[in-house]
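To keep things clear, I will list the structure first and then write my remarks on it.
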There are 2 protein chains.
Amino acid sequence: MQIGTAAEASGVSAKMIRHYEAIGLVTSGARRTNNYRDYDCRDVHELQFIRRARDLGFSLQEIKNLLDLWRDDTRQSTSVRELAARHLSDIERRMEDLRAIAGTLSRLVDSCEGDTRPDCPILDHLGRRAGKARRPIDVE
Amino acid sequence: MQIGTAAEASGVSAKMIRHYEAIGLVTSGARRTNNYRDYDCRDVHELQFIRRARDLGFSLQEIKNLLDLWRDDTRQSTSVRELAARHLSDIERRMEDLRAIAGTLSRLVDSCEGDTRPDCPILDHLGRRAGKARRPIDVE
DNA sequence: GTGCACCTTCCCATAATTGGAAGGTCAAGC
DNA sequence: GCTTGACCTTCCAATTATGGGAAGGTGCAC
């Protein structure tokens, strides 16, 4: 099948398939006489694997490692588990960062009247002079 | 003061200050006779504003808008509030995405033995054939 | 006057994806 | 046979925010 069909079947855009080939994530497969790339169902399967790993937020480098493990019948599941666990804790760290930001933002938004007047605790917070002397937010 | 001092005082690297100038986020200020950029405390204050907005995850475009509002004495606080609220809901959406990913990953990691054998529900999940016939995860 | 720390501009790299240009290929319909 | 449109090809560039580094100028201290 052509790249467009493989893209459709795998959920990976043709553009991305070519890119993954260029960076060596997937192997450069067969070409037809017209120089068109040719894919079979195993290629599509591999692209689906990539797609799902992307959906779980794995980086392309991590996916490369996952693919290597997937292809290796003698792999040890602990390798996969460690990779996934590292990724999970990375995600959890990012969630924690976002949680902190969301908390601050939420308090700021709540403390702002949001009317036609210029006074705004949000800008006060961003523009406060160094040193925590003033406390622009005090909504509890 | 020189750019290095302003960087130190504001928490924005000299590299980034030049970049922010290049993209018009901060105005191209005065230069000394030796062509060195010259900053005063108001410039540093503005950089601190940017720094704090960055810490809250605002994009440079959003910061540009925030700066414009900050400088405008006739602003309406509702404009700031709306901008911040939009950003907040964006953050919350990203958190939700991460939460979903973390949930799946967590179940997968838990379901994997993580030993020397090759069997791995994580790889099974990523490489499963389309259609939800098989259910590689069943840890409840 | 030599060295070191600072400054300048310019180019490049990252990560993942997309957009687009310029051109080749193929099948359908007239 | 020729056109049209939908494919495909490669290559270049933009995105976002930040950093690295080269090549060269400046200033101060010893």
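First the proteins, then the strands, lettered A, B, ... as listed; each starts at 1. Computed from heavy atoms alone, side chains included, the values below leave out hydrogens, waters and symmetry copies. Quick caveat: nothing in here was measured; it's all calculated off a predicted structure.
Within the structure, a side-chain polar atom (N or O) of B/Tyr20 is placed less than 4.0 Å from OP1 or OP2 of D/dT18. Between A/Gln2 and the phosphate of D/dC7, there is no side-chain N or O to OP1/OP2 separation shorter than 4.0 Å. When the side-chain nitrogen and oxygen atoms of A/Arg54 are compared with OP1 and OP2 of C/dT17, one or more of them lie within a distance under 4.0 Å. At the phosphate of D/dT18, neither OP1 nor OP2 sits under 4.0 Å from any side-chain N or O atom of B/Arg51. For A/Arg37 and D/dC8, the shortest distance from a side-chain N or O to OP1 or OP2 is not below 4.0 Å. At C/dC10, none of the side-chain N or O atoms of B/Arg18 fall inside 4.0 Å of OP1 or OP2 (strictly under the cut-off).
With C/dT17, D/dT26, D/dT18 as the candidates, the nucleotide lying closest to the side chain of A/His19 is C/dT17. Comparing C/dC7, D/dC11, C/dT25 by their nearest atom to the side chain of A/Lys15 picks out D/dC11.
We find that CG of A/Asp38 is positioned 15 Å from C1' of D/dT9, with the value rounded to whole Å. Rounded to an integer number of Å, the gap from B/Glu21 CD to C/dT9 C1' is 12 Å. Distance CE (A/Met1) to P (C/dC26): 19 Å, rounded to an integer number of Å. Atom-to-atom, CD1 of A/Ile23 to P of C/dT18 comes out at 14 Å; the value is rounded to the nearest Å. Here D/dT10 presents its C1' atom at 16 Å from CD1 of A/Ile17, a figure rounded to the nearest Å. Spacing between atom CG of A/Asn34 and atom C1' of C/dA27 amounts to 13 Å, rounded to whole angstrom units. The distance between atom CD of B/Glu8 and atom C1' of C/dC6, rounded to the nearest whole Å, is 14 Å. Across the protein-nucleic acid pair, A/Leu25 atom CG and C/dA15 atom P stand 13 Å apart, rounded to whole Å.
Between A/Ser13 and A/Tyr36, the residue whose closest nucleotide on DNA chain C is further toward the 5' end is A/Ser13. Annotation: of the two residues near DNA chain D, B/Thr33 and B/Gln61, the 5′-most nearest-nucleotide partner is B/Gln61.
Contacts of A/Arg32 with the nucleic acid, taken as non-hydrogen atoms under 4.0 Å apart, are absent.
A salt bridge links A/Arg71 to A/Glu46: one of the charged nitrogens lies within less than 4.0 Å of a carboxylate oxygen. Between B/Arg93 and B/Asp90 there is a salt bridge, with a side-chain nitrogen of the basic residue lying less than 4.0 Å from a carboxylate oxygen of the acidic one. Taking the charged nitrogens against the carboxylate oxygens, A/Asp68 and A/Lys64 have no contact shorter than 4.0 Å, which rules out a salt bridge.
Using cut-offs of 30° and 60° for the angle between ring planes, the B/Phe49 and B/Trp70 rings count as parallel.
Within 6.0 Å of the CD atom in B/Glu96, the count of heavy atoms belonging to other residues, nucleotides or ligands exceeds 12.
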